[in-house]
Amino acid sequence: MYYRYKVHKKNKGGLRKLVILALIVAAAYFGYENRQYIFFWKYTSNKLQKKVENAEMIADPEKKKDVLAAIASSLSAYQSESPTEVLPFLLSGRVYFSLGEHELGRTFTDLFIHERFRVTDGEARNCFLKSIIYLKKAGALLDTEKLDPVYAMLLARACFYTGFIKESQILALIRHERDERNDYFKNPEDVRFYAVMLILNDRAEEGIKLLNHKGKVDSSPGGRMFLAAAENMAKQYTGAIRHYKDIVDTVSDTEILKLAHFNLGKIYYSQSLYRESLFHFTGALELDKQDLASRIWIGRNYYSMGMKDKARALWMELLSIDKNNKEIRGLLGIL
């Protein structure tokens with residue numbers, strides 16, 4: 001008669017199904033009741049994204065700055081209302097990156113060929129740091145998902161301008177480098193930046209190859225200058241000299257000509273070819289009689305060629321023009 005006391009197992013599977021069904025119904029009801037808010041956010045986010053894209057196309061720098069600043073303010077409000085939404089943080093990172101480039105006043109290409117890409121301070125730095133903060137917040141919200149390649153590139157470039165992380169870490173941010181098609185590059189500036197990161201991470205051959213293949217370095221004097229400067233950075237001096245000389249022979253723009261002569265002068269000096277170096281620094285000075293840097297390098301060549309008195313006389317003359325110049329004082333100190 002023990003059957004009366006037999007324990008019967010409860011039907012837990014059925015109960016679990018009922019709970020799941022109830023949750024699904026509740027979620028569907030919540031979504032239906034709040035559909036206008038969901039659709040409103042989707043509409044508004046698409047509208048904001050379009051506004052950012054349109055703002056980036058504005059030619060007038062000051063108007064562009066004003067529009068971007070207004071969008072940044074709107075995005076801040078949306079972040080407060082929807083703190084778990086990724087898009088407002090992504091767009092804020094993009095907007096502040098554009099504002100940072102506006103403050104720089106030059107593209108990455110211009111900064112690189114003038115060797116000024118490591119010097120970012122003032123308001124430009126503040127904008128790039130804000131861009132990093134917002135893009136990192138977006139990355140945190142995405143959890144294990146990857147940032148879109150466009151935003152990953154913006155984060156990498158902002159980190160580079162500010163020196164926020166090491167160059168090896170910057171290269172790692174562009175995670176899609178393993179895609180051999182390189183379809184994620186949206187413009188030549190991205191290609192050129194990535195190529196420089198490869199060079200700085202001891203992958204010079206890859207960097208130069210990428211520049212020649214996708215960097216559009218033959219499309220303008222600025223592109224050719226970029227290639228020559230990248231070859232110089234990669235210590236591929238033969239290629240750099242060839243491209244700089246080609247620019248000297250074919251370009252009429254005074255600023256570019258002066259820079260090509262100046263860089264040729266430095267390359268030849270590093271190779272102890274002082275006469276060739278002196279020739280090109282003199283060429284740069286002829287294009288800009290007030291160029292202090294070319295005159296300093298001319299003095300360096302005099303000194304290296306054994307004409308120390310001539311070097312001293314020139315540096316003393318320059319010191320009378322710029323009494324606080326530490327470089328000139330240092331050079332005079334070696335005499």
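Just so you know, these numbers use all the heavy atoms, side chains as well, and skip hydrogens, waters and symmetry mates.
- Cluster annotation: Met57 is not connected to Phe97 through the hydrophobic network of ILVMFWY side chains, with a link wherever side-chain heavy atoms come within less than 4.5 Å.
- Remark: the backbone N or O of Leu318 is not paired with any side-chain donor or acceptor of Asp322 at under 3.5 angstrom.
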Residues 128-141, side-chain donor-acceptor partners within the protein, below 3.5 Å, at least two apart:
{"residue": "Ser131", "atom": "OG", "partner": "Gly93", "partner atom": "O", "Å": "2.7"}

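- Proximity of a side-chain donor or acceptor of Ser74 to a complementary backbone N or O of Ala70 within less than 3.5 Å is detected.
- A donor-acceptor pair under 3.5 Å is formed between the side chain of Ser80 and the backbone N or O of Ser76.
- Taking the side chain as every heavy atom from C-beta outward, Gln236 and Arg242 never approach each other to under 4.5 Å.
- Checked against salt bridge (charged side-chain N to carboxylate O under 4.0 Å, His left out), Glu317 has the following partners two or more places apart in sequence or in another chain: Arg295.
- The shortest heavy-atom contact between Ala124 and Gly100 is CB-O, 3.8 Å.
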Quiz item: When you look at Arg116 and Arg106, which way does the side-chain contact (heavy atoms from CB on, under 4.5 Å) test go after all the steps?
Solution: CA-CA 10 Å; Arg116 297 174 185 170; Arg106 289 178 179 267; 3.5 Å; yes

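- The minimum heavy-atom distance between Val248 and Ala260, with the atom names listed, is CG2-CB, 3.8 Å.
- What you find for Met197 and Leu171 is that their closest heavy atoms are CB-CD1, 3.9 Å.
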Quiz item: Between Ile208 and Ile199, is a side-chain contact (heavy atoms from CB on, under 4.5 Å) present by the stated rule, with each step listed?
Solution: CA-CA 8 Å; Ile208 299 302; Ile199 294 169; 3.9 Å; yes

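- Separating the CD1 atom in Ile256 from the CD1 atom in Ile113 is a distance of 6.0 Å, to the nearest 0.5 Å.
- In this structure, the separation between OG on Ser304 and CZ on Arg275 is 12.5 Å, given to the nearest 0.5 Å.
- Between His280 and His261, the two ring planes are tilted [angle within 30° to 60°].
- Put simply, CG on Asp288 and OG1 on Thr254 are 9.5 Å apart, with the number rounded to the nearest 0.5 Å.
- The residue from Tyr303, Tyr269, Trp297 that alone fulfils the ring-ring contact (aromatic ring centres under 6.0 Å, His included) condition with Tyr274 is Tyr269.
- Within the model, atoms OH of Tyr244 and CG of Leu227 stand 9.5 Å from one another, a figure rounded to the nearest 0.5 Å.
- In plain terms, the two heavy atoms of Glu327 and Asn325 that are nearest each other are N-OD1, 3.0 Å.
- In terms of modelled atom types and a separation under 3.5 Å, the side chain of Arg125 and the main chain of Tyr161 share no donor-acceptor contact.
- With respect to the salt-bridge test (charged N to carboxylate O, under 4.0 angstrom), the residues Asp190 and Arg157 qualify.
- Ion pair Lys65/Glu103 flagged as a salt bridge, since at least one NZ, NE, NH1 or NH2 atom sits closer than 4.0 Å to an Asp/Glu carboxylate oxygen.
- The neighbour count for Met316 CE, taken as heavy atoms of other residues, nucleotides or ligands under 6.0 Å away, does not exceed 12.
- Two residues are said to be in side-chain contact when any heavy atoms from C-beta on lie closer than 4.5 Å; His114 and Glu255 meet this criterion.
- Heavy-atom contacts from other residues, nucleotides or ligands closer than 6.0 Å to CG of Asp60 number more than 12.
- Counting heavy atoms from C-beta on, the side chains of Leu200 and Ile170 never come closer than 4.5 Å.
- Within the 4.5 Å cutoff, no side-chain heavy atoms of Phe279 are placed close to those of Tyr268.
- Of the residues listed (Ile71, Val86, Leu75), the one engaging Leu91 in a side-chain contact (heavy atoms from CB on, under 4.5 Å) is Leu75, and it is the only one.
- In this structure, the side chains of His102 and Leu68 stay at 4.5 Å or more apart for every pair of heavy atoms.
- At least one donor-acceptor pair closer than 3.5 Å links the side chain of Ser219 to the backbone N or O of Lys216.
- Here the side chains of Trp315 and Leu319 are not in contact, with every heavy-atom distance at 4.5 Å or above.
- At least one side-chain heavy atom of Leu278 sits less than 4.5 Å from a side-chain heavy atom of Tyr302.
- The hydrophobic clustering, which links ILVMFWY residues whose side-chain heavy atoms are closer than 4.5 Å, places Phe89 and Leu142 together.
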Quiz item: Are Val196 and Leu211 close enough, and set up right, to give a side-chain contact (heavy atoms from CB on, under 4.5 Å), and what steps lead you there?
Solution: CA-CA 9 Å; Val196 169; Leu211 279 177; over 6 Å; no

Quiz item: Which is it for Arg94 and Glu53 under the side-chain contact (heavy atoms from CB on, under 4.5 Å) test, yes or no, and what are the steps along the way?
Solution: CA-CA 10 Å; Arg94 182 171 173 175; Glu53 292 170 0; 3.6 Å; yes

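- Between Ile296 and Leu331, the closest side-chain pair of non-hydrogen atoms falls below 4.5 Å.
- If you run ring-ring contact (aromatic ring centres under 6.0 Å, His included) between Phe193 and each of Phe160, Phe226, Phe112, only Phe160 comes through.
- Note that CD1 of Ile267 and CG of Asn232 are 4.0 Å apart. Values are rounded to the nearest 0.5 Å.
- For Asn54, the CG atom counts as densely surrounded, since its 6.0 Å shell holds more than 12 non-hydrogen atoms of other residues, nucleotides or ligands.
- Annotation for Asn201 and Ser168: closest pair OD1-CA, 3.1 Å, computed over non-hydrogen atoms.
- Although no hydrogens or angles enter the test, the distance criterion places no donor-acceptor pair under 3.5 Å between the side chain of Glu56 and the main chain of Ser98.
- Rounded to the nearest 0.5 Å, atoms CG (Leu287) and CG (Leu257) are 6.0 Å apart.
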Practice problem: Report the C-alpha separation of Lys64 and Glu101 in whole Å, then their side-chain angles, then the decisive distance to 0.1 Å, and conclude whether the salt bridge (Lys or Arg N to Asp or Glu O under 4.0 Å) test is met. | Solution: CA-CA 11 Å; Lys64 181 177 181 178; Glu101 283 202 320; over 6 Å; no

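- Among the candidates Asp246, Asp218, Asp253, the single residue satisfying the salt bridge (charged side-chain N to carboxylate O under 4.0 Å, His left out) test with Arg224 is Asp246.
- Residue Arg192 comes nearest to Gly223 through the heavy atom pair NH2-CA, 3.8 Å, listed as atom of the first residue, atom of the second, then distance.
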